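Below, chains carry the letters A, B, ... as their sequence lines are ordered, and counting in each starts from 1. Values below: every heavy atom of this structure, side chains too, minus hydrogens, waters and symmetry copies. Computed from a predicted model, the values in this text were never measured in an experiment.
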There are 2 protein chains.
Amino acid sequence: MASSLPVFSDDLSDTELDKMMSSACEASNLLKALSHEGRLMILCHLVTGEKSVTELEDLLSARQAAVSQQLSRLRLEGLVTPRREGKAIYYSLTDDRPKRILEVIYDLFCVADDGAEKRGD
Amino acid sequence: MASSLPVFSDDLSDTELDKMMSSACEASNLLKALSHEGRLMILCHLVTGEKSVTELEDLLSARQAAVSQQLSRLRLEGLVTPRREGKAIYYSLTDDRPKRILEVIYDLFCVADDGAEKRGD
DNA sequence: TTCAAATTATGTTGTTTGTTATACTGACGT
DNA sequence: ACGTCAGTATAACAAACAACATAATTTGAA
């Protein structure tokens, strides 16, 4: 099972606090990339396999340029990877980071939606 | 154990797509609340127990008003809950949602950091 | 009343998002 | 090869947002 939460103990040295802050900074960048309805949807769809920009456009009912920009953001964050095939470009998840997070998000919003029944502490 | 990823199957009805979109919207709100260095730090610190605004101020080396505003955002999202005690106000995590996500984040950024670092490689 | 702890209001600045318009690239027909 | 079209990407810009600082306000205790 997943690590239960790390020990953010009460007495941290300044150095530890610093490290923590820079991790928080990196982490918040990832989170920023995810915290957008469209980008989140894109990632969800990519979980089932690569999709072309047009397919995504259709799936999201969004405009071409918008989707392209959203993909571009995800690409910059290294979350998705493009593959060209003729005129089309197919995107897929670069690694399992998005999946890892999506799992808990999904669990939080699409499964345990009826309240905090599985409080783990 | 966590659900392995839900089946975002390839053939979704419009209704399903709609449901997915609104979930994505809720989820992205949560994520937006988390995608901020300061707020992330606050949540991390609250994992070890409630803290007063002043304590948080100190822990984050941030100004009072800033911290208060960050807390206010988290409060709006229902992630933290205040408790008054005299002049001080102590904040704690409302439920385990933040923890659930923080676990993954921590795992991604503070543990599995030695592999592909922060780049997609 | 005065102080200390916090919140809220407000202005400013920087960031994000979508839109439209334009450019790039590969396939196809002539 | 040339022109054209389909699929994408990028640029430029305006509208909407988010974040922080400062200042004003609320609340509780001495």
Side-chain angles (χ1 to χ4, degrees), chain A residues 21-22 24-43 45-46 49-94, chain B residues 21-22 24-43 45-46 49-94:
Chain A
M21 293 230 194
S22 78
C25 205
E26 290 178 52
S28 71
N29 283 334
L30 205 229
L31 258 4
K32 274 189 240 277
L34 298 180
S35 58
H36 178 278
E37 195 194 340
R39 291 191 297 257
L40 212 44
M41 289 285 289
I42 289 178
L43 294 174
H45 284 299
L46 294 187
E50 62 173 17
K51 307 259 179 302
S52 71
V53 179
T54 309
E55 289 176 302
L56 290 173
E57 245 172 274
D58 198 46
L59 252 4
L60 305 201
S61 317
R63 308 248 174 161
Q64 188 271 317
V67 172
S68 198
Q69 280 167 140
Q70 291 162 187
L71 283 166
S72 152
R73 179 72 151 76
L74 294 171
R75 219 189 312 128
L76 273 179
E77 210 69 38
L79 293 170
V80 301
T81 305
R83 175 181 72 82
R84 173 146 229 153
E85 186 180 312
K87 294 177 274 185
I89 294 186
Y90 289 87
Y91 279 88
S92 55
L93 299 181
T94 301
Chain B
M21 292 231 193
S22 75
C25 205
E26 290 178 52
S28 70
N29 283 333
L30 205 230
L31 259 4
K32 273 190 240 276
L34 297 180
S35 59
H36 177 277
E37 196 195 339
R39 291 190 298 259
L40 212 43
M41 288 285 289
I42 290 178
L43 293 174
H45 285 299
L46 293 187
E50 62 174 17
K51 306 257 179 304
S52 71
V53 178
T54 309
E55 288 177 301
L56 256 8
E57 242 172 277
D58 198 47
L59 252 5
L60 303 202
S61 319
R63 308 250 173 158
Q64 191 272 318
V67 173
S68 198
Q69 277 160 10
Q70 290 161 188
L71 284 166
S72 152
R73 180 71 153 75
L74 294 171
R75 220 188 312 128
L76 272 178
E77 211 69 38
L79 293 170
V80 300
T81 305
R83 174 181 74 83
R84 172 146 229 152
E85 187 179 313
K87 293 176 275 185
I89 294 185
Y90 289 87
Y91 279 87
S92 54
L93 299 180
T94 302

Atom CG of A/L56 and atom C1' of D/dG7: how far apart are they, to the nearest Å? 13 Å
Do B/R83 and B/E85 sit within salt-bridge range, that is, some charged N less than 4.0 Å from a carboxylate O? yes
What is the distance, to the nearest angstrom, from the CZ atom on A/R73 to the P atom on C/dG18? 12 Å
Closest-nucleotide mapping onto DNA chain D: is B/A65 or A/E55 further toward the 5' terminus? I mean the 5' end. A/E55
Look at B/H36 and C/dT15 and indicate whether a side-chain polar atom (N or O) is within less than 4.0 Å of OP1 or OP2. no
To check you understand the geometry: which heavy-atom pair defines the closest contact between A/S61 and B/M21, and what is its length? OG-CE, 4.3 Å
Ignoring the backbone of A/R63, work out which of C/dT19, C/dA6, C/dT16 is nearest its side chain. C/dT19
Report the distance from atom CG of A/L31 to atom C1' of C/dT16, rounded to the nearest whole Å. 16 Å
Atom pair distance, as rounded to whole Å: CZ in A/R83 and C1' in C/dG26: 15 Å
Are any of B/R75's side-chain N or O atoms less than 4.0 Å away from OP1 or OP2 of C/dT8? yes
Roughly, in whole Å, what's the span from CZ in B/R39 to P in D/dA18? 9 Å
Here's a test of your reading of the structure: between A/E85 and A/S35, which maps to the more 5' nucleotide of DNA chain C? A/S35
Is the closest side-chain donor-acceptor distance between A/S28 and B/S35 under 3.5 Å? no
Give one of base, sugar-phosphate or nothing for B/S52, where a contact means two heavy atoms less than 4.0 Å apart. sugar-phosphate
In whole angstrom, what separates B/Y90's OH from D/dG28's C1'? 14 Å
Give, for atom CG of A/L43 and atom CG of A/L71, the distance between the pair rounded to the nearest 0.5 Å. 9.0 Å
Rounded to whole Å, please give me the gap between CD in A/Q64 and C1' in D/dC5. 14 Å
Report the nucleotide, chosen from C/dG18, D/dA9, D/dA21, that has the shortest atom-to-atom distance to any side-chain atom of A/Q69. C/dG18
Is there a side-chain contact between A/R84 and the phosphate of D/dG7, meaning an N or O under 4.0 Å from OP1 or OP2? no
In a check of side chain to side chain donor-acceptor pair (under 3.5 Å) between B/Y91 and each of B/K51, B/R75, B/E50, which one passes? B/R75
Send over the distance from A/L40 CG to C/dT17 C1', rounded to a whole Å. 16 Å
Where the side chain of A/K87 is concerned, which of C/dA27, D/dT27, D/dA9 is the nearest nucleotide? C/dA27
Side chain of A/S68, heavy atoms from C-beta onward: which of D/dC20, C/dT19, D/dT10 has the nearest atom to it? D/dT10
If you pin B/Y91 and A/Q70 to their nearest nucleotides in DNA chain C, which one's is more 5'? B/Y91
Nucleotide of D/dA21, D/dG7, D/dA9 approaching A/I89 most closely (side-chain heavy atoms): D/dA9
